[in-house]
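First up is the structure itself, then whatever we jot down about it.
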Protein chains: 2
Amino acid sequence: MELAHKVSNCKDCIYRSWAFKNLSAEELKVINVKKTEKFYRKGENICLEGDEISSFMYLQTGLVKLFKTELNSKEHIISIAKPKDFIGLLSIFSNTKQIYSITAIEDSIVCFVNLEIIKKFIKTNGIFAIDFFEKISAVSDSVIKTRIDINTRQLRGRIAYILLFFSKHIYGSSKFNLPISRKEVAELIDMSTENVIRVLSEFRKDNLIQIEGKNIEVLDIKRLEKIYELG
Amino acid sequence: MELAHKVSNCKDCIYRSWAFKNLSAEELKVINVKKTEKFYRKGENICLEGDEISSFMYLQTGLVKLFKTELNSKEHIISIAKPKDFIGLLSIFSNTKQIYSITAIEDSIVCFVNLEIIKKFIKTNGIFAIDFFEKISAVSDSVIKTRIDINTRQLRGRIAYILLFFSKHIYGSSKFNLPISRKEVAELIDMSTENVIRVLSEFRKDNLIQIEGKNIEVLDIKRLEKIYELG
DNA sequence: TATCATTAATGACATATATCATAATATATA
DNA sequence: TATATATTATGATATATGTCATTAATGATA
């Protein structure tokens with residue numbers, strides 16, 4: 001069942017003040033006409049490895065995961081995007097096909113802006129080009145930094161990272177509903193599902209967190225940060 | 001001792017046909033006047049974490065490593081750049097300070113182009129902007145892909161990756177002189193130095209490679225590729 | 001509601017990897 | 001050249017992590 005939602009106008013969009021802030025009213029109008037908004041239920045695919053790339057995608061509401069299916073058909077999650085994030089990686093500017101898949105992990109609304117229009121504005125609006133480039137660069141570098149931060153740590157440090165990531169970065173609250181399964185956490189931080197569960201239990205017994213299924217509350221953020229910092 | 005080298009002209013530069021191909025003769029002349037070329041001996045630092053960023057850097061000759069010093073003062077290598085590569089990550093467009101350090105791992109000549117000039121051309125030359133963006137995006141995504149490829153494999157797969165990386169990607173020859181120590185290999189693929197040495201010995205005993213100190217020859221590339229693919 | 005499938009949880013065990021110790025080389029430096 | 005220092009090499013051992021097995025809990029579906 002498709003849920004209807006009010007299609008927003010670009011000039012009122014939260015994203016405008018970010019990557020699109022240097023577009024003129026005229027340019028925004030062009031985007032407004034050509035853009036598409038689409039609603040995805042939790043679990044639905046937004047795009048798959050190999051799909052043609054024709055849009056710049058950003059997330060209006062919800063949460064999505066960017067992932068790759070390995071040869072052994074295991075999935076590896078590369079990053080999680082939150083509202084106002086550009087979804088995907090820079091390859092949309094250097095590839096014609098998606099090299100990763102994207103799936104909603106919460107009900108989400110994704111906005112698709114034709115890539116040719118973005119490219120046209122990069123060509124014709126220098127101020128927009130520079131600003132857009134800076135913003136997009138930051139996103140890309142943050143993915144690299146995250147991958148390094150995770151992989152230079154061991155299990156406890158990685159789980160601490162995930163807890164801090166969701167509580168601080170995604171939800172801004174010490175209490176939150178983990179939107180992904182333990183298996184997906186494992187796919188995100190390169191460890192086995194059992195060990196994700198085990199370390200979470202360990203943290204619970206240690207009064208670092210409280211767990212009731214997907215409901216998690218961070219009880220001792222200072223100590224959790226220390227565990228993260230020490231690796 | 002500083003070695004003199006013939007300062008090259010941008011219009012003859014190998015890099016021109018890559019990222020700078022859409023600049024006019026006039027624009028190239030501006031870059032040519034403002035750019036700096038610098039020679040670094042193997043082991044010399046090109047820049048350090050925290051340095052002000054004022055240049056777009058690319059490698060004319062040699063080989064350099066981009067790395068981060070962890071809290072425990074261990075070094076973690078993020079990527080290795082070869083001639084014609086843009087050095088560094090996109091953060092030069094979104095940060096004012098370097099977030100990683102760069103050191104020459106072979107005698108190298110680095111060319112520094114003032115970043116403000118690049119930004120000016122992005123603003124004023126749309127065709128250049130798009131092309132430059134596409135090229136730089138590919139570099140960034142390739143770093144992400146590499147990190148994933150390495151970290152989703154275990155030791156044997158990672159060593160296979162390194163051997164294939166140097167023989168195919170860097171030197172284009174089955175016989176090459178490994179430019180980094182076993183310790184640096186370990187820092188590049190997140191494993192202990194002893195295990196790097198151990199797996200290399202194992203590959204030697206298995207007739208996959210021949211080793212004499214830093215001189216390595218890949219004897220059975222097909223089997224090595226299989227080891228890499230299977231992880 | 002009853003049934004089935006998925007997820008979460010935990011223990012026992014196997015395996016992969018790191019660490020420590022020691023020696024042999026190689027490389028840099030005085 | 002001699003000496004110190006770092007690198008390479010290998011074995012023994014400790015530790016971290018993954019895998020397998022089993023059960024409980026949860027959620028989906030008929």
Side-chain angles (χ1 to χ4, degrees), chain A residues 1 41-44 70 72 74-77 103 105-106 150-163 177-206 209-216 227 230-231, chain B residues 1 41-44 70 72-77 103 105-107 150-163 177-206 209-216 227 230-231:
Chain A
M1 170 189 57
R41 277 209 170 285
K42 177 174 180 154
E44 280 188 304
E70 304 288 339
N72 52 13
K74 268 192 186 172
E75 287 180 2
H76 178 72
I77 300 178
T103 296
I105 55 178
E106 277 184 0
I150 289 172
N151 287 308
T152 52
R153 286 172 167 76
Q154 44 196 49
L155 304 197
R156 288 168 53 87
R158 291 181 196 185
I159 292 293
Y161 167 84
I162 283 296
L163 292 167
N177 196 281
L178 190 68
I180 55 178
S181 68
R182 314 298 200 248
K183 182 159 163 280
E184 285 172 308
V185 172
E187 288 165 358
L188 180 53
I189 58 181
D190 294 319
M191 53 191 277
S192 70
T193 306
E194 292 93 329
N195 278 333
V196 169
I197 294 167
R198 235 183 289 267
V199 175
L200 282 172
S201 295
E202 205 180 307
F203 281 6
R204 176 173 44 74
K205 282 170 199 154
D206 218 13
I209 55 173
Q210 195 173 322
I211 318 179
E212 273 175 68
K214 302 255 188 206
N215 285 82
I216 294 183
I227 290 171
L230 296 177
Chain B
M1 172 189 56
R41 275 207 170 286
K42 177 174 179 153
E44 280 188 305
E70 305 287 340
N72 54 11
S73 81
K74 267 191 186 173
E75 287 179 2
H76 177 71
I77 300 178
T103 296
I105 55 178
E106 277 184 0
D107 291 357
I150 289 172
N151 287 308
T152 51
R153 287 172 166 77
Q154 45 197 49
L155 303 197
R156 289 168 53 88
R158 291 182 196 185
I159 293 292
Y161 167 84
I162 283 296
L163 292 167
N177 196 281
L178 190 68
I180 56 178
S181 68
R182 313 298 199 249
K183 181 160 164 281
E184 285 173 306
V185 172
E187 287 164 359
L188 180 53
I189 58 181
D190 294 318
M191 53 191 277
S192 70
T193 307
E194 292 93 328
N195 277 334
V196 169
I197 293 166
R198 235 184 288 268
V199 175
L200 282 173
S201 295
E202 206 180 306
F203 281 6
R204 176 172 44 72
K205 283 170 199 153
D206 218 13
I209 55 173
Q210 195 174 322
I211 317 179
E212 272 174 68
K214 302 256 188 206
N215 285 82
I216 293 184
I227 289 170
L230 296 177

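Keep in mind that this is a model prediction, so the values were computed, not measured. Just so it is clear: chains get the letters A, B, ... in the order the sequence lines come, proteins before strands, and each one is counted from 1.
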>> Rounded to whole Å, how long is the line connecting atom CD1 of A:I197 with atom P of D:dC20?
In response: 16 Å
>> Rounded to whole Å, please give me the gap between CG in B:L200 and C1' in C:dT17.
In response: 16 Å
>> Using whole Å, what does the distance between atom C1' of nucleotide C:dT17 and atom CG of A:D190 come to?
In response: 15 Å
>> Listing request: all salt bridge (Lys or Arg N to Asp or Glu O under 4.0 Å) pairs with a residue in residues 192-204 of chain B, at least two apart in sequence or in separate chains.
In response: B:R156-B:E202
>> If you take any heavy atom closer than 4.0 Å to DNA chain C, which residues from residues 150-160 of chain B end up in contact?
In response: B:Q154, B:L155
> What nucleotide among C:dT10, D:dT7, D:dT10 has an atom nearest to a side-chain atom of B:R204?
Replying inline: D:dT10
> Atom CD1 of B:I216 and atom CG of B:L200: how far apart are they, to the nearest 0.5 Å?
Replying inline: 5.5 Å
> Tell me: NZ of B:K42 to C1' of D:dT7, nearest whole Å?
Replying inline: 12 Å
> Rounded to the Å, how far apart are B:I180 CD1 and D:dT7 C1'?
Replying inline: 14 Å
>> Just the rounded figure in Å: distance from C1' of C:dA16 to CD1 of B:I227.
In response: 16 Å
Distance-only criterion, 3.5 Å: show the donor-acceptor pairs between side-chain atoms of residues 183-192 of chain B and protein atoms not counting sequence neighbours.
{"residue": "B:E184", "atom": "OE1", "partner": "B:S181", "partner atom": "N", "Å": "3.0"}
{"residue": "B:E184", "atom": "OE2", "partner": "B:K65", "partner atom": "NZ", "Å": "2.7"}
{"residue": "B:D190", "atom": "OD1", "partner": "B:H76", "partner atom": "ND1", "Å": "3.0"}
{"residue": "B:S192", "atom": "OG", "partner": "B:N195", "partner atom": "N", "Å": "3.3"}
{"residue": "B:S192", "atom": "OG", "partner": "B:N195", "partner atom": "ND2", "Å": "3.4"}

> Sequence neighbours excluded, which residues qualify as side chain to side chain donor-acceptor pair (under 3.5 Å) partners of A:T103?
Replying inline: A:N45
>> Without decimals, in angstroms, what is the distance between A:E202 CD and C:dG11 P?
In response: 12 Å
>> Let me check the geometry of the helix from C:dT1-D:dA30 to C:dA30-D:dT1. What is the bend angle between the axes at its two ends, five pairs each, to 10°?
In response: 60°
> Do B:R41 and B:D107 meet the salt-bridge criterion of a basic N to acidic O distance under 4.0 Å?
Replying inline: yes
>> As an exercise, state the distance from CG of B:N151 to CG of A:N151, rounded to the nearest 0.5 Å.
In response: 3.5 Å
>> Do A:L163 and A:F203 have side chains that approach each other closer than 4.5 Å (heavy atoms only, starting at C-beta)?
In response: yes
>> Can you see if the side chain of B:S201 gets near the phosphate of D:dT8 - specifically, an N or O under 4.0 Å from OP1 or OP2?
In response: no
> By side chain to side chain donor-acceptor pair (under 3.5 Å), which residues pair with B:T193, not counting sequence neighbours?
Replying inline: none
> Nearest 0.5 Å, what's the OG-CD1 distance between B:S201 and B:I209?
Replying inline: 8.0 Å
> What distance separates B:T152 OG1 from A:E70 CD, expressed to the nearest 0.5 Å?
Replying inline: 4.5 Å
>> Base contacts versus sugar-phosphate-only contacts with protein, heavy atoms under 4.0 Å: please encode nucleotides 22-30 of chain D as B, S and - from 5' to 3'.
In response: ---------
> Considering heavy-atom distances to DNA chain D, does A:M191 or B:I211 have its closest nucleotide positioned more toward the 5' end?
Replying inline: B:I211
>> Between A:R158 (side chain only) and A:I150 (backbone N and O only), is there a donor and an acceptor less than 3.5 Å apart?
In response: yes
> At what distance, to the nearest 0.5 angstrom, does CD1 of A:I180 lie from CD1 of A:I162?
Replying inline: 6.0 Å
>> Other residues, nucleotides and ligands only: do more than 12 of their heavy atoms fall within 6.0 Å of NZ on B:K42?
In response: yes
> What one-letter contact string describes nucleotides 19-24 of chain C from 5' to 3', where B marks a base within less than 4.0 Å of any protein heavy atom, S marks contact via sugar-phosphate atoms alone, and - marks no contact?
Replying inline: BB----
> Roughly how many Å is it from CZ in B:R182 to C1' in D:dA9, rounded to a whole number?
Replying inline: 10 Å
>> My understanding is that only residues two or more places apart in sequence, or in another chain, count here; which of them pass side chain to side chain donor-acceptor pair (under 3.5 Å) with B:N177?
In response: B:N215
